[in-house]
Asks: 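This is the structure I have questions about; it appears just below.
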Amino acid sequence: MFLRNLILALARNKAIERFVRTSRITRGVVRRFIAGDTLEEALTVAEDLAEKGFKVSLDLLGEHVASEAEADSALEEYLRLVSAIAASPYFGGWMPERINISIKLSQLGAHLDEKRCADRLEKLLAAASLHPIFIRIDMEESAMTDLTLRLVIEAHNKHKNVGTVLQSMLLRTPSDIEELIRQRIRVRMVKGAYLEPESVAFQKKRDVDQAYLACACKLIRDGVFPAIATHDASIIEKVEHFVQLEGISPGRFEYQLLYGIRRGLQEQLKKRGRIVRVYVPYGSSWYPYFTRRLAERPANLLFFIRSLFSR
Ligand SMILES: Cc1cc2nc3c(=O)[nH]c(=O)nc-3n(C[C@H](O)[C@H](O)[C@H](O)COP(=O)(O)OP(=O)(O)OC[C@H]3O[C@@H](n4cnc5c(N)ncnc54)[C@H](O)[C@@H]3O)c2cc1C
């Protein structure tokens, strides 16, 4: 956790950000985690994965937009994505959908003006519900948790094609799980990718992992088609043991993994007959997403540094 926190803290340094963003060689490493710059490139990757039997969630990268105009253009891009998915030969399905969408509320300007963000979310959900296409609201840093849950619960009263994400590192999560189960809202369970203070989050990996397993089992038993989003093979084995013991069908939940990460594990789970969704990010605003992936695994950072010197 120390190295992870250090990388996340360094990533906020403007000089480092400028270097990583503008260095020509960064692009090659970025491609390992990001499907492409454009919707067309991302859809090609999504359709290829769908052809292989994976489910997909497409995410247009971007968060904490700086203006209402940027939030409007993110909405326009997402509306374009809805139309593109609906027109794809791989469109279809429900719990699991073959291709769905992930989005961050700070990309729709939640931190600028909550009401205007809610209006944009309403437009997106209304357009997506015509097909229907499921929209997952990613969870951001803890300062956004209340706002995110408030907007998701409000939106779910009107549209059933919306769900969200909870993070096992946050101390509040067990009570949020109870609430979302009560509201019949679909949850993706993750460990949490943000730097959080001791006052709100577990600081030891062991505690985050232990909480993760408890939350995942609770959601599988009582939630609506939850997503178990992790690359942690030991947690996945424990989840498998739990569902076997409880006699729960593996069709009642899905596993989710990130594009480019532990592809062997993705393949293995699919071969075992499990529903596996790959989260496919695309777009030019890749810096925050990229640095979170580096922080999760020091080996990625070494790979990145090596690539800087191997030209
Ligand atoms: C589909 C999906 C959606 C997500 N959405 C959100 C979200 O909305 N909000 C949020 O806060 N977080 C999100 N995350 C990130 C999550 O919170 C974790 O930061 C991330 O998944 C790493 O935790 P882990 O469960 O894989 O376990 P870890 O204990 O971190 O990793 C277990 C093993 O997986 C492998 N691994 C993990 N990460 C990497 C990596 N970057 N590169 C290479 N190998 C790796 C390593 O072998 C590692 O030992 C998401 C993750 C996934 C899979």
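What you are looking at is a predicted structure, and each value in this text was computed from that prediction instead of being measured. Whatever order the structure lists them in is the order used to number ligands and atoms, beginning at 1. Nothing fancy with the numbering, it's 1 onward along the sequence.
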Asks: Please table the atom pairs, donor to acceptor, closer than 3.5 Å between any side-chain atom in residues 79-94 and protein atoms at least two apart or in another chain.
Replies:
{"unit_1": "Arg80", "atom_1": "NE", "unit_2": "Glu77", "atom_2": "OE2", "d": "3.2"}
{"unit_1": "Ser83", "atom_1": "OG", "unit_2": "Leu79", "atom_2": "O", "d": "3.3"}
{"unit_1": "Ser88", "atom_1": "OG", "unit_2": "Glu47", "atom_2": "OE2", "d": "2.7"}
{"unit_1": "Ser88", "atom_1": "OG", "unit_2": "Tyr90", "atom_2": "N", "d": "2.9"}
{"unit_1": "Tyr90", "atom_1": "OH", "unit_2": "Glu51", "atom_2": "OE1", "d": "2.3"}

Asks: Scan residues 132-147 for pairs that pass salt bridge (Lys or Arg N to Asp or Glu O under 4.0 Å), counting only residues two or more places apart or in two chains.
Replies: Lys104-Asp138, Asp138-Arg188, Asp146-Arg172
Asks: Under 6.0 Å from the CD atom of Glu198, do we count more than 12 heavy atoms belonging to anything else shown?
Replies: no
Asks: Anything with a heavy atom under 4.0 Å from ligand 1 counts, so go ahead and list those protein residues by chain and number.
Replies: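 The answer is Asp138, Met139, Val165, Gln167, Arg188, Val190, Lys191, Gly192, Ala193, Tyr194, Lys205, Ala229, Thr230, His231, Asp232, Gln256, Leu257, Leu258, Ile261, Arg262, Tyr279, Arg293, Glu296, Arg297, Asn300, counting any residue whose heavy atom sits under 4.0 Å from ligand 1.
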Asks: Less than 4.0 Å between a side-chain N and a carboxylate O, is that true for Glu254 and Lys55?
Replies: no
Asks: Is Arg277 reaching over with its side chain to a backbone N or O of Glu97, donor-acceptor style, under 3.5 angstrom?
Replies: yes
Asks: Mind checking side-chain contact (heavy atoms from CB on, under 4.5 Å) for Ser285 and listing every partner two or more places apart, or none if nothing turns up?
Replies: none
